[in-house]
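Everything on this sheet refers to the single structure shown next.
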Amino acid sequence: MRINTFFSGLTLAILFIGCDKISDPIPRDLGTSINAGDGVEIIAEPAFGFTDSTSIAQFIDTNTWKTSIGADNSTRRFIVLEEFTGHKCTSCPKGTREIVRLQGVFGEQLIPVGIHAGQFARPNGPGSFMYTTDFRIKGEGGNDDVGKAYSDLFVVDGYPRGVVSRIGRVEPETAWESSIQNLLADLPLAKMGLTNYYDSINNVVRSQVDIEWLLPTTEQYSLQFYAIEGKIIDWQLDGAFDNPNYEHKFVLRKIVNGVFGKTLETPVVGAEQKIQYIFNLDDNWETKNMEIVAFIFNRDQAINETIQANSAFILQK
């Protein structure tokens with residue numbers, strides 16, 4: 001099927017999502033939202049300058065896309081572990097090493113994300129030769145207000161800390177395995193397919209989720225998209241050792257759709273929702289080491305629980 005045919009009858013609207021409690025430091029108006037004829041909602045970053053459905057369709061149709069696909073989670077609940085860390089944190093490598101161990105135990109069912117935030121993530125200023133890389137995600141003010149938003153939400157009281165599927169507050173690395181075990185056998189409320197399309201010429205990703213609700217629920221949910229990068233060799237304080245060749249893993253590089261995501265339609269068993277984001281990558285990132293992480297979480301900030309997730313490398317391994 002040609003893209004031009006696929007996009008016939010599209011309607012144009014502006015995406016706007018509100019947030020009730022903690023303010024979102026990344027602007028929520030994330031660009032043009034187009035509803036495709038077969039039910040796919042496509043949302044493009046404003047920087048593309050798309051003005052109508054035809055311009056987006058032509059962009060998709062005239063570029064070459066490499067495809068990668070996430071794992072099948074139709075019978076399993078995938079679990080997201082969001083770790084709070086920093087390159088000047090003496091104990092944080094212990095957290096990373098524990099996550100690597102846990103990945104060996106739980107495999108693709110565990111999806112880690114490293115959020116560099118707080119005082120230990122601040123880079124050194126001009127003239128320094130180490131710890132100059134800024135791994136933090138910036139908000140509207142150009143400061144670490146994104147990290148602060150998450151730190152406030154999950155009550156980060158030390159480093160390293162992690163929150164497992166956004167249940168409760170953060171925990172030290174010694175508690176992560178038992179928290180994962182508690183969720184491992186849960187039947188999934190939804191299945192979520194993830195497909196990435198990458199255009200190397202323009203360094204653009206189109207990332208799509210296909211959500212189908214499997215079990216009844218009265219809760220309301222939001223969708224979150226992250227881009228993460230691994231195999232980054234840079235400085236890290238590891239105990240008392242300033243290591244210039246430390247491998248930073250699963251580093252959160254980009255929040256694609258706002259700190260608190262996109263509100264989903266009301267869950268109905270058997271109902272499907274398809275959402276695709278089009279966004280740029282930074283030229284300094286190594287695409288072959290990058291993954292897209294998508295997850296569904298309870299939009300009530302008093303709950304926040306992540307009920308399903310998926311991930312896929314941008315370039316198929």
Side-chain angles (χ1 to χ4, degrees), residues 22-27 80-100 102 111-164 166 169-176 224-256 258-261 281-286 289-291 293 295 304:
I22 297 177
S23 60
D24 188 339
I26 291 180
V80 178
L81 170 53
E82 292 169 275
E83 179 201 23
F84 290 85
T85 187
H87 58 184
K88 296 180 183 177
C89 167
T90 61
S91 298
C92 285
K94 292 193 301 182
T96 298
R97 287 189 278 267
E98 174 62 4
I99 290 174
V100 171
L102 293 173
I111 302 173
V113 176
I115 301 173
H116 289 245
Q119 60 178 338
F120 297 120
R122 293 172 189 158
N124 288 344
S128 180
F129 68 94
M130 58 183 183
Y131 303 110
T132 57
T133 302
D134 196 347
F135 291 111
R136 301 173 299 173
I137 301 294
K138 301 299 192 301
E140 288 182 270
N143 299 312
D144 186 25
D145 39 6
V146 173
K148 186 177 187 306
Y150 284 147
S151 296
D152 289 348
L153 184 63
F154 300 115
V155 195
V156 176
D157 57 357
Y159 289 80
R161 291 291 187 271
V163 58
V164 174
R166 296 192 166 185
R169 298 184 175 189
V170 295
E171 303 171 309
E173 71 276 10
T174 53
W176 296 342
Q224 188 79 72
F225 264 89
Y226 287 161
I228 66 173
E229 183 182 3
K231 297 185 179 180
I232 304 171
I233 306 302
D234 210 317
W235 288 90
Q236 173 68 48
L237 186 56
D238 190 349
F241 174 47
D242 292 299
N243 185 354
N245 297 309
Y246 183 84
E247 182 180 336
H248 295 268
K249 303 175 183 290
F250 35 81
V251 175
L252 177 59
R253 285 299 207 181
K254 187 182 184 83
I255 300 174
V256 174
V259 171
F260 300 109
L281 300 177
D282 192 298
D283 289 337
N284 293 321
W285 301 338
E286 189 62 65
N289 298 327
M290 295 193 71
E291 295 178 73
V293 173
F295 56 92
N304 279 305

Which atom names give the shortest non-hydrogen contact between Ala117 and Gly147, and what distance separates them? CB-CA, 3.7 Å
Please determine whether the number of non-hydrogen atoms from other residues, nucleotides or ligands lying under 6.0 Å from atom CZ of Arg169 exceeds 12. no
Value rounded to 0.5 Å, distance of CZ in Arg122 from CD in Gln119: 6.0 Å
Quick check for you: to the nearest 0.5 Å, what is the distance between Asp234 atom CG and Thr132 atom OG1? 6.5 Å
CG of Leu102 to CG of Leu81: how many Å apart, nearest 0.5 Å? 7.5 Å
Using 30° and 60° as the class limits, which term best fits the ring planes of Tyr150 and Phe260: parallel, tilted or perpendicular? perpendicular
Minimum-distance pair of heavy atoms, taken over all atoms of Pro93 and Tyr246: CA-OH, 3.5 Å
Would you please classify the geometry between the His87 ring and the Tyr131 ring as parallel, tilted or perpendicular, with 30° and 60° separating the classes? perpendicular
Between the CD1 atom in Ile115 and the CZ atom in Arg161, the distance rounded to the nearest 0.5 Å is 14.5 Å
At their closest point, which heavy atom of Gly95 faces which heavy atom of Trp176, and how far apart are they? O-CZ3, 3.5 Å
How far apart are the closest heavy atoms of Pro123 and Thr133, and which atoms are they? CB-O, 3.7 Å
Report the C-alpha separation of Val113 and Gln224 in whole Å, then their side-chain angles, then the decisive distance to 0.1 Å, and conclude whether the side-chain contact (heavy atoms from CB on, under 4.5 Å) test is met. CA-CA 12 Å; Val113 176; Gln224 188 79 72; over 6 Å; no
Of the non-hydrogen atoms in Asn243 and Asn245, which two are nearest, and what is the gap between them? OD1-N, 2.8 Å
Ignoring hydrogens and geometry, is there a side-chain-to-backbone donor-acceptor pair from Gln236 to Gly86 under 3.5 Å? yes
Spatial distance of atom CZ (Phe250) from atom CD (Glu82) [nearest 0.5 Å]: 12.5 Å
Quick one: does Phe225's side chain get under 4.5 Å of Val293's, heavy atoms only? no
Quick check: do Arg166 and Phe295 have side-chain heavy atoms less than 4.5 Å from each other? yes
Is any side-chain heavy atom of Phe120 closer than 4.5 Å to a side-chain heavy atom of Cys92? no
Please check if the side chain of Lys88 supplies one atom and the backbone of Leu237 the other of a donor-acceptor pair under 3.5 Å. no
Are the side chain of Asn289 and the backbone of Glu229 linked by a donor-acceptor contact shorter than 3.5 Å? no
Within-4.5 Å side-chain heavy-atom neighbours: Pro244 and Trp235: yes
For a side-chain contact (heavy atoms from CB on, under 4.5 Å) check, start with the C-alpha distance between Glu98 and Thr174, then their side-chain angles and the critical distance, and finish with the verdict. CA-CA 8 Å; Glu98 174 62 4; Thr174 53; over 6 Å; no
So, applying side chain to side chain contact (heavy atoms under 4.5 Å, CB included) with Arg253, which one of Ile228, Ile232, Asp282 is it? Ile232
Between Glu247 and Val100, is there a side-chain heavy-atom distance shorter than 4.5 Å? no
Mind running side-chain contact (heavy atoms from CB on, under 4.5 Å) on Thr96 and Glu83 for me, showing each step along the way? CA-CA 8 Å; Thr96 298; Glu83 179 201 23; 4.1 Å; yes
Nearest-0.5 Å distance, NZ of residue Lys231 to NZ of residue Lys249: 8.0 Å
Locate the shortest heavy-atom distance separating His116 from Arg136; write the atom from each residue and the value. O-CG, 3.5 Å
